[in-house]
**Q** 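Following this message is one structure expressed as structure tokens.
Because the structure is a prediction, the values reported are computed rather than measured. Both ligands and their constituent atoms are indexed starting at 1 by order of listing.
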Amino acid sequence: MVDRTNRPSALKATDAAGPEAQIDIVGSGASSKVIATLPSGESVEVLLFGATVTSWKSNGGKTENLWLSEKAALDGSKAVRGGVPVVFPVFGPPPKSGHPTSSLPQHGFARTSRWEFLGKSAAEDALGSDSVKLDFGLYSSGLTDEARKAWPLDFGLVYSVTLSKDSLQTVINVRNEGEQSFEFQFLLHTYFKIQDISKVAVNGLLGVTYVDKVLNATEHKQSDNSIKITGEVDRVYASIPQDTTSIVEDGKPRFDVVRDNLQDTVVWNPWIEKAKSMGDFSPDDDYKHMVCVEVGAVQGWQKLDKGEVFEGGQTIRSLL
Ligand SMILES: O=P(O)(O)OC[C@H]1O[C@@H](O)[C@H](O)[C@@H](O)[C@@H]1O
């Protein structure tokens, strides 16, 4: 019989574990998180609520790469403001009516669902350095009644978070486990921690068409390779031919964001007023210390028929 599920065997994954990375599971209930630490000190923390990566430290554990609000809810009461929330099956506010996602909240349910930790496995990155891969699963059967009612389709998600010395890879595997076809959008809402927004540029989107949500959803073409952030920015860049978007700080490369089978990227910074208006964004002026570069498949819809699978993700490199 053909195995039509995308659930990796937790047992098999654990058996294959490298001897060196340390895995700790801390907290309980909605606040449970998995922490993986490499022998060289790099670490990643993933909250089971939303499978949200809330911390990624490189440079022997000395450099935190992700911004997390001081008022982020980490108790499962709402989506985490910071880290890497997973957006699925709809990006932004859903279509007003007539679409199967129309009854879902903004950015869907993945970021507010409790995921399962499926296990860890050792992984070798392209450079052959030590890595550890953590797998998380979310299935239609694991949704709240409310989410299940709003999107009554049978799916399986496996989200793999791979920590290497200088990079973090986050990949989603979406499988249609039902009889009916479905459509979805997906996005990794990564909040990068930066020192000073006035010295930051987002590079690598030259020539790409984008929808500017701050300017009444008008369409524009990126005419400068360097995007400077000097006010509220909320842009959806679509069908990007380049693989890599870079965050440069003070003229020096800070992060590379490499997309894999995802064509779109959102660049977002709420700036002064919007940051103040968000109850869970703290401190108010921390818009100066973050920028979201969010890779995804958000233009139109990805369609999966019965048994079909979609896989896409990102590798982010910390270049300090
Ligand atoms: O407040 P939320 O739901 O986490 O969304 C934050 C932002 O997420 C971005 O992806 C959207 O483009 C913005 O429009 C939105 O404001």
**Q** Applying a heavy-atom cut-off of 4.0 Å, say which part of Lys78 lies close to ligand 1: side chain, backbone, both or neither.
**A** neither

**Q** In terms of hydrophobic clusters joined by side-chain contacts under 4.5 Å, are Ile23 and Val161 together?
**A** yes

**Q** Atoms of ligand 1 less than 4.0 Å from Arg81 heavy atoms?
**A** 1 (O), 2 (P), 4 (O), 6 (C)

**Q** Need the ligand 1 atom indices (1-based, order shown) with element for anything under 4.0 Å from a heavy-atom of Val266.
**A** 12 (O)

**Q** So, Arg81 and Asp280, do they make that salt bridge, N to O below 4.0 Å?
**A** yes

**Q** For Asp224 and Ser226, does a side-chain donor sit closer than 3.5 Å to a side-chain acceptor?
**A** no

**Q** So, Asp135 versus Ser160: side-chain donor-acceptor pair below 3.5 Å or not?
**A** yes

**Q** Give a yes-or-no answer on whether the side chains of Glu42 and Ser58 include a donor-acceptor pair shorter than 3.5 Å.
**A** no

**Q** Among protein heavy atoms, which sits nearest to atom 12 (O) of ligand 1, and what does the distance come to when rounded to 0.1 Å?
**A** Asp234 OD1, 2.7 Å

**Q** Heavy atoms only: which of Arg111, His189, Lys213, Lys274 lies closest to atom 4 (O) of ligand 1?
**A** Arg111

**Q** Quick check on contacts: which atoms of ligand 1 are under 4.0 angstrom from a heavy atom of Glu294?
**A** 9 (C), 10 (O)

